[in-house]
Amino acid sequence: MDVEKVFHMTGGIGKTSYAQNSAFQKKASDTVKHITMETIQELYYEVTPKSLGIADLGCSSGPNSLSLIKDMVEAVEGTSHKIFHPMPEFRVYLNDLPTNDFNSVFKSLPDFYKDLKKDRNQEGPSIFIAGYPGSFYGRLFPCNCLHFIYSSYSLHWLSKVPPALYDEHGKSIKKGNVYISESSPPSVSQAYYKQFQEDFSLFLKSRSEELVTGGRMVLILLGRIGQDHVDRGNSFFWEILSRSLAISVSQAEIEKEKVDSYDVHFYAASRNELEDEVRREGSFEIDKLEMFEIEREVKNGESYGTAVAMTVRAVQESMLCDHFGDGIDLDSLFNNYGKMIDEEMVKVDIKPITFVMVLKKL
């Protein structure tokens with residue numbers, strides 16, 4: 001499966017769209033917003049460029065990206081007033097894979113500009129926004145054109161399903177499980193870790209060429225607490241997807257062989273693994289690396305399981321449809337998924353953790 005050609009959040013603004021089902025991602029971004037704003041203010045105070053280059057890597061198609069860009073502009077504006085320095089112009093690059101629904105983002109731009117001009121006598125800051133399709137595992141921008149890079153809930157996605165998951169006949173070595181599970185042989189977690197190392201190292205190397213010296217990155221990504229890959233955290237949500245797919249097989253909706261060959265391009269790194277790769281690549285120093293959990297909030301009285309199911313569906317729908325075809329009943333699949341999450345929550349809590357990492361270009 002060519003991830004770059006297939007993978008995208010569900011576009012539009014419908015019931016199952018990412019725009020309507022990205023509250024968890026917004027909550028994560030909001031939880032560490034003070035870190036993001038402090039970092040961009042610190043950077044601006046040190047560099048005070050006339051033209052400030054900002055990139056959002058993995059911007060997706062919902063309202064979250066532009067909402068955060070507005071906060072960044074206002075944070076820099078506050079700093080420029082404090083130091084009696086003219087406001088810079090802003091060059092904002094919104095990046096995601098080519099299959100992303102960039103049009104829904106662009107349709108929001110008139111309201112975005114209007115909001116910025118409000119309370120400013122219709123004279124808002126100069127902002128130039130562009131879409132930049134492509135994988136961030138590799139170069140995207142010219143040398144030294146960026147000052148600040150932001151990426152939220154994107155870097156836990158790998159560039160591809162690890163090739164080492166398949167034997168010489170092209171068969172998956174972890175049949176029936178979409179991710180690392182308790183029954184997986186050690187070679188499965190090793191394959192995922194190796195792919196993460198390659199990808200994250202390439203990400204850091206590419207960004208180091210695009211950022212000015214002293215430039216900053218704020219990276220927010222899902223992770224795990226310790227050495228064990230299987231826990232009641234992010235890996236458990238994939239375990240529930242494996243179980244849900246097994247139900248679909250038992251109801252003759254999809255073939256078992258198809259489930260055996262479905263693997264997610266995801267990796268929940270540990271703190272040590274992130275630190276090791278930054279040190280090994282050598283272009284950045286770690287200003288901050290914190291772990292946090294997101295407070296649970298659900299809307300309209302729906303259960304936590306339903307909210308998680310809708311979020312996972314908005315993220316996985318493109319891949320599931322491409323792999324299983326029209327035969328898969330996504331409503332039934334994620335209805336079972338939501339019920340199982342709620343049942344499991346009664347037994348033992350599920351605690352997915354997130355990292356926020358601030359890096360400074362050396």
Side-chain angles (χ1 to χ4, degrees), residues 1 3 6-10 14-18 20-25 153 156-158 161-162 165 171-184 188-189 192 222 224 229-268 294 296 298-299 302-353:
M1 186 186 292
V3 168
V6 176
F7 184 54
H8 60 87
M9 308 295 111
T10 302
K15 188 183 172 186
T16 61
S17 68
Y18 182 80
Q20 296 293 330
N21 296 285
S22 51
F24 288 116
Q25 291 89 332
Y153 272 46
H156 42 248
W157 298 113
L158 301 172
V161 173
L165 291 179
K171 302 281 187 186
S172 176
I173 60 175
K174 56 176 198 50
K175 294 174 182 176
N177 295 298
V178 304
Y179 186 56
I180 305 164
S181 69
E182 285 183 347
S183 62
S184 299
V188 170
S189 56
Y192 272 104
L222 294 171
R224 68 183 199 278
H229 289 276
V230 181
D231 56 19
R232 296 283 291 194
N234 291 301
S235 73
F236 194 69
F237 290 131
W238 296 119
E239 166 66 23
I240 296 297
L241 183 58
S242 296
R243 291 186 204 172
S244 302
L245 287 167
I247 292 172
S248 296
V249 170
S250 70
Q251 294 171 344
E253 290 175 6
I254 52 177
E255 298 169 6
K256 185 179 184 301
E257 291 73 23
K258 277 283 193 183
V259 174
D260 287 345
S261 61
Y262 187 70
D263 305 296
V264 294
H265 63 294
F266 171 91
Y267 187 72
I294 303 168
R296 292 197 185 100
V298 290
K299 58 186 178 184
E302 69 182 4
S303 72
Y304 177 69
T306 299
V308 172
M310 293 299 283
T311 302
V312 174
R313 177 173 179 168
V315 169
Q316 276 288 288
E317 187 164 340
S318 62
M319 303 296 275
L320 288 165
C321 289
D322 181 79
H323 185 80
F324 293 101
D326 297 333
I328 189 165
D329 183 344
L330 291 176
D331 290 339
S332 171
L333 178 74
F334 285 104
N335 185 40
N336 290 329
Y337 186 102
K339 283 179 183 172
M340 277 193 273
I341 291 287
D342 286 331
E343 287 165 8
E344 289 292 338
M345 289 288 290
V346 173
K347 298 176 195 171
V348 184
D349 203 2
I350 304 170
K351 292 187 172 182
I353 66 108

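Positions are given from 1, in the same order as the sequence printed here.
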Any idea how [X] and [Y] line up, ring-wise: parallel (<30°), tilted (30 to 60°), or perpendicular (>60°)?
X      : Y      : answer
His265 : Phe7   : perpendicular
His156 : Phe266 : tilted
Tyr179 : Tyr192 : perpendicular

Is any side-chain heavy atom of [X] less than 4.5 Å from a side-chain heavy atom of [Y]?
X      : Y      : value
Met345 : Ile350 : yes
Ser181 : Val188 : no
Ser22  : Met9   : no
Arg224 : His229 : yes
Val3   : Met319 : yes
Ile328 : Glu253 : no
Leu245 : Phe324 : yes
Leu333 : Ile254 : no

Give, for atom [atom1] of [X] and atom [atom2] of [Y], the distance between the pair rounded to the nearest 0.5 Å.
X      : Y      : atom1 : atom2 : result
Glu239 : Glu344 : CD    : CD    : 8.5 Å
Asp329 : Asn336 : CG    : CG    : 9.0 Å
Leu330 : Ser244 : CG    : OG    : 11.5 Å
Glu182 : Ser235 : CD    : OG    : 9.0 Å
Asn234 : Leu222 : CG    : CG    : 4.5 Å
Leu165 : Lys171 : CG    : NZ    : 15.0 Å

Determine the minimum heavy-atom distance between [X] and [Y], stating which atoms define it.
X      : Y      : value
Asp342 : Ser303 : OD2-OG, 2.6 Å
Gly176 : Ser242 : O-CB, 3.7 Å
Ser261 : Ser172 : CA-CB, 4.5 Å
Gln20  : Gly14  : CG-O, 3.0 Å

By side chain to side chain contact (heavy atoms under 4.5 Å, CB included) - contacts of Glu255 (at least two apart):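 Once residues adjacent in sequence are excluded, the partners of Glu255 under the side chain to side chain contact (heavy atoms under 4.5 Å, CB included) criterion are Glu257, Lys258.
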Under 3.5 Å: donor-acceptor pair, side chain of Asp231, backbone of Phe236: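 It does not hold such a pair.
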Arg313 and its side-chain contact (heavy atoms from CB on, under 4.5 Å) partner, picked from Leu241, Asp331, Val308: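 Result for side-chain contact (heavy atoms from CB on, under 4.5 Å) with Arg313: Asp331.
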Matching residue for Thr311 among Phe237, Phe24, Tyr18 - test: side-chain contact (heavy atoms from CB on, under 4.5 Å):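 Among Phe237, Phe24, Tyr18, the one meeting side-chain contact (heavy atoms from CB on, under 4.5 Å) with Thr311 is Phe24.
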Cationic N near anionic O, under 4.0 Å, Glu343 to Lys347: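 So Glu343 does not pair with Lys347 through a salt bridge.
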Under 3.5 Å side-chain donor-acceptor pair for Ser183 and Asn177: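 The answer is yes; a qualifying pair exists.
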Donor-acceptor side-chain pairing of Tyr337 and Gln316 below 3.5 angstrom: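 Not at all, the side chains of Tyr337 and Gln316 share no donor-acceptor pair under 3.5 Å.
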